[in-house]
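Encoded as structure tokens, the structure appears first; notes follow it.
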Amino acid sequence: MSEERSLNFLEQIVEEDIANGVHGGRILTRFPPEPNGYLHIGHAKSICLNFGLAKKYNGQTNLRFDDTNPVTEETEYVDSIKQDIQWLGFQWAGEFYASDYFEQLYGFAVKLIEKGLAYVDDSSAAEIAAMKGTPTEPGKNSPYRDRSVEENLQLFADMRAGKFPDGAKVLRAKLDMAAPNMHLRDPLMYRIKHAHHHRTGDAWCIYPMYDFAHGQSDSIEQITHSICTLEFVPHRPLYDWFIEKLEIFPSRQYEFARLALNYTVTSKRKLLQLVNEKHVNGWDDPRMPTLSAYRRRGYTPSSIRTFADRVGVQKRDNLIDVGLLEFCIREELNKTANRVMAVLDPVKLVITNYPEGQTEELQAENNPEDASAGHRKVTFSNTLYIEREDFMENAPKKFFRLSPGLMVRLKYAYIIKCDSFDKDADGNVTTIYCSYLPESHSGSDKSGISVKGTIHWVSAAHAATAEVRLYDRLFKVENPASEEGDFKSYINPDSLHVIPRAYIEPALLDVQPGERFQFLRKGYFAVDPDSTPGKPVFNRTVTLKDTWAKEAKKG
RNA sequence: UGCCUCAUAGUAUAAUGGUAGUACGACAGAUUUUGGUUCUGUUUGUCUUGGUUCGAAUCCAGGUGAGGCAACCA
């Protein structure tokens with residue numbers, strides 16, 4: 001079926017290059033994160049693209065950390081990034097760091113100075129910005145632009161030697177201060193930062209700018225196809241210029257539109273704010289769009305890979321409906337998750353004509369989509385808990401659940417008829433009284449009655465309890481980043497609803513973190529690492545499709 | 001008012017000069033001991049104006065709209 005599919009534009013480029021014998025048909029891509037945050041769903045697209053493309057054409061993919069800014073980078077992030085990539089199902093060929101190349105990059109800089117293509121500038125940051133011009137006006141040459149090669153060499157060596165404080169000097173490439181592309185107006189190559197680096201420690205006090213590190217790092221690794229997001233399109237001429245002047249391996253950059261998901265944000269800066277300001281409980285809070293959060297919430301790696309595949313690749317900006325992600329996980333869990341019964345918002349139901357104290361072990365199917373999943377026993381008795389929303393005092397015409405006079409089937413058990421109910425002083429239903437049809441036993445129904453509704457239940461005397469965490473979208477609006485004002489003012493106040501005591505089948509006491517279930521009629525749930533023996537915690541991964549909820553909303 | 005990208009159903013994404021298709025969504029129906037799943041059907045689209053051509057979503061030109069670019073961030 002993959003032969004039937006048309007190629008995306010990157011695959012077309014790769015196939016053309018292979019056909020033309022570029023690099024002898026060798027394909028090497030790379031995934032280049034900066035270790036200053038956790039990976040999110042947008043990175044998943046990039047990872048799937050880079051690793052997927054290489055895999056499809058018998059190539060490989062490097063993992064390279066672009067760690068050129070010591071102040072924002074930490075080992076914690078390196079570890080989480082590696083874990084997330086592996087969890088997604090990919091293995092890199094080489095693990096590299098831009099900081100591995102600091103000495104080489106320094107040499108490249110010296111070479112450009114020697115060629116008269118770079119100079120040390122003593123101007124302040126403000127002065128450089130002022131001389132840069134604007135998109136519509138050309139910039140002005142720095143007064144330091146025409147220093148001799150010898151002087152530049154000496155000053156650059158002195159920069160490295162730590163003779164100057166932060167910000168005193170920078171090394172700039174000498175291109176054209178009037179270039180219409182702002183990135184070509186003598187861009188900075190090196191700045192002075194007396195800062196401790198997570199890998200090189202205090203060995204350096206000058207650090208290369210991203211623009212002077214990224215392209216050359218690709219070149220050093222002999223990356224054939226350097227795939228990145230659209231905002232780097234205007235940087236490409238600069239990278240090509242460096243490669244040309246340095247006479248090094250010609251990696252080529254190609255750009256695609258980053259993935260954006262609605263009802264969330266995918267910017268590391270914003271995610272960091274949500275974490276630091278405690279709007280969520282850490283990077284892996286299941287409401288976050290990070291991979292660690294999706295993992296904790298119960299998403300599978302394959303569902304995310306499928307999603308990345310289905311959103312496609314193009315150069316136009318897009319905002320993907322989170323409903324597609326939800327479809328991908330439902331599609332998979334429908335086939336793989338065992339069904340169990342859990343009552344999240346319980347109300348007591350008494351079967352008046354079923355003997356008090358009597359029990360039955362009923363046969364329950366684990367997964368109707370997978371016969372090999374087998375069966376289990378569930379205990380039935382005269383006092384049950386059912387879902388509060390499965391009863392209505394005054395039912396509308398299409399309500400196929402319980403209401404005085406109406407009949408439903410209890411899943412795996414009997415058909416019952418609602419006879420009466422009790423209410424407390426506040427009008428809340430406290431107990432529902434029903435009678436059952438003994439001849440309607442599941443699997444051997446001789447009652448001749450068919451009912452429209454089937455509801456789930458647990459036996460009150462046999463049920464165990466669990467904490468259940470229900471998640472909703474983190475933001476109230478589709479695109480918080482594009483709204484007026486602070487994006488945090490659009491946070492959905494009901495994004496987390498904790499149920500401290502839901503009733504579950506007792507067998508669910510033994511579950512392990514990471515296990516996934518379908519709570520019948522309620523959704524897919526995953527066991528949270530916060531679970532302790534005898535007190536499981538379940539995260540709702542995603543609800544089931546609920547056409548009744550839609551119908552009810554219509555009125 | 002400079003440079004660079006981009007523009008196909010509600011959302012994504014195909015068609016690479018030759019019948020505008022697919023997925024998700026929405027709507028309707030069938031099946032169903034999950035209002036789940038599955039199945040069937042319906043709906044909705046080439047930004048605009050010219051040009052080239054037997055023929056244009058596709059090529060060309062102008063317009064319109066959206067996004068990006070002026071961090072000692074990446």
Side-chain angles (χ1 to χ4, degrees), chain A residues 4-8 12 32-34 36 66-69 71-73 121 123-125 128-130 132-139 166-172 179-185 188-193 206-207 209-211 213-214 228-237 255 257 259 262 268-269 310-321 323-328 330-331 334-335 339 341 365 368-369 398-401 408-413 415 440 442-443 445 450-456 518-523 543-552:
Chain A
E4 295 291 331
R5 245 190 57 186
S6 51
L7 303 176
N8 67 45
Q12 289 178 28
E34 185 192 12
N36 68 345
D66 274 336
D67 54 352
T68 55
N69 185 3
V71 262
T72 59
E73 294 152 9
D121 194 333
S123 307
S124 69
I128 288 176
K132 199 124 203 171
T134 70
T136 51
E137 304 160 44
D166 287 6
K169 289 180 166 47
V170 291
L171 183 72
R172 301 178 72 177
N181 180 343
M182 298 291 291
H183 295 278
L184 267 23
R185 319 243 262 227
L188 272 59
M189 294 163 59
Y190 269 91
R191 76 282 218 200
I192 301 171
K193 272 183 197 279
I206 58 171
Y207 292 92
M209 298 290 292
Y210 173 86
D211 276 350
H214 188 88
C228 67
T229 44
L230 249 28
E231 69 268 30
F232 294 104
V233 170
H235 298 238
R236 178 165 17 95
E255 308 86 5
L259 177 149
N262 62 7
K268 279 201 220 171
R269 205 193 95 254
R310 288 186 194 200
V311 298
V313 194
Q314 251 309 334
K315 299 181 78 143
R316 52 186 104 108
D317 295 317
N318 56 71
L319 182 62
I320 308 286
D321 191 338
L324 182 61
L325 215 209
E326 294 176 342
F327 169 82
C328 291
R330 283 194 192 106
E331 182 185 44
N334 175 52
K335 296 189 191 108
R339 275 63 169 169
M341 293 197 287
E365 191 177 29
E369 305 294 320
K398 283 185 177 171
F399 187 76
F400 304 140
R401 306 179 188 181
V408 296
R409 174 171 293 279
L410 294 169
K411 183 75 177 175
Y412 312 127
I415 292 174
S440 67
S442 184
D445 189 334
S450 72
V451 291
K452 280 229 170 77
T454 299
I455 64 173
H456 62 280
Q518 183 193 115
F519 287 180
L520 219 59
R521 303 206 303 139
K522 299 310 293 180
T543 60
L544 257 29
K545 265 180 71 182
D546 191 347
T547 50
W548 166 245
K550 253 190 307 195
E551 185 70 28

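Proteins come first, then strands; the chains are lettered A, B, ... in the order of their sequence lines, and each starts at number 1. Since we're looking at a predicted model, the values are computed, not measured.
Smallest separation of non-hydrogen atoms from A:Thr543 and A:Arg330: O-NE, 2.7 Å.
Residue A:Arg236 contributes atom CZ, which lies 20 Å from atom P of B:A74 at whole-angstrom precision. Computed from coordinates, the A:Leu520 CG to B:G36 P distance equals 12 Å when rounded to whole Å. A straight line from CZ of A:Arg330 to P of B:C24 spans 12 Å, rounded to a whole angstrom. For A:Phe232 and B:G67, the CZ to P distance is 19 Å, given to the nearest whole Å. When the P atom of B:A71 is taken as reference, atom CD of A:Glu34 falls 18 Å away, rounded to whole Å. Rounding to whole angstrom units, CD1 of residue A:Ile415 and C1' of B:U33 are separated by 9 Å. Atom P of nucleotide B:U13 and atom CG of A:Asn318 are separated by 5 Å, given to the nearest angstrom. In this structure, A:Asn262 places its CG atom 14 Å from P of B:G25, rounding to the nearest Å.
Residue side chain A:Thr454 does not reach the base of B:U34 through any donor-acceptor N/O pair under 3.5 Å, judged by distance alone. A donor-acceptor contact under 3.5 Å is not formed by the side chain of A:Arg310 with the base of B:U13.
Using a 4.0 Å cut-off, some side-chain N or O of A:Arg316 falls inside it from OP1 or OP2 of B:A7. Phosphate proximity of B:U34 to A:Arg401: absent, as no side-chain N or O sits under 4.0 Å from OP1 or OP2. Put simply, A:Lys550 has a side-chain N or O that comes within less than 4.0 Å of OP1 or OP2 on B:A26. In this model, the phosphate group of B:G36 is approached by a side-chain N or O of A:Thr547 to a distance below 4.0 Å at OP1 or OP2.
Across all strands shown, B:U8 remains unpaired; no Watson-Crick or G-U wobble contact has both distances below 3.5 Å. Base pairing of B:U48: its partner is B:G62, meeting the Watson-Crick or G-U wobble criterion (both donor-acceptor distances under 3.5 Å). Across the strands present, B:C73 finds no partner; the criterion is a Watson-Crick or G-U wobble pair with both atom distances under 3.5 angstrom. Pairing of B:A20, defined by two Watson-Crick or G-U wobble distances under 3.5 Å, is not identified with any nucleotide. Of all nucleotides present, only B:U40 satisfies the Watson-Crick or G-U wobble test against B:A28, with each distance under 3.5 Å.
Note on A:Pro368: a base of the nucleic acid sits closer than 4.0 angstrom, heavy atoms only. Nucleic acid contact for A:Arg269: none, since no nucleic acid atom lies under 4.0 Å from a heavy atom of the residue. The residue A:Leu319 sits close only to the backbone: its heavy atoms come under 4.0 Å of sugar-phosphate atoms, none of a base.
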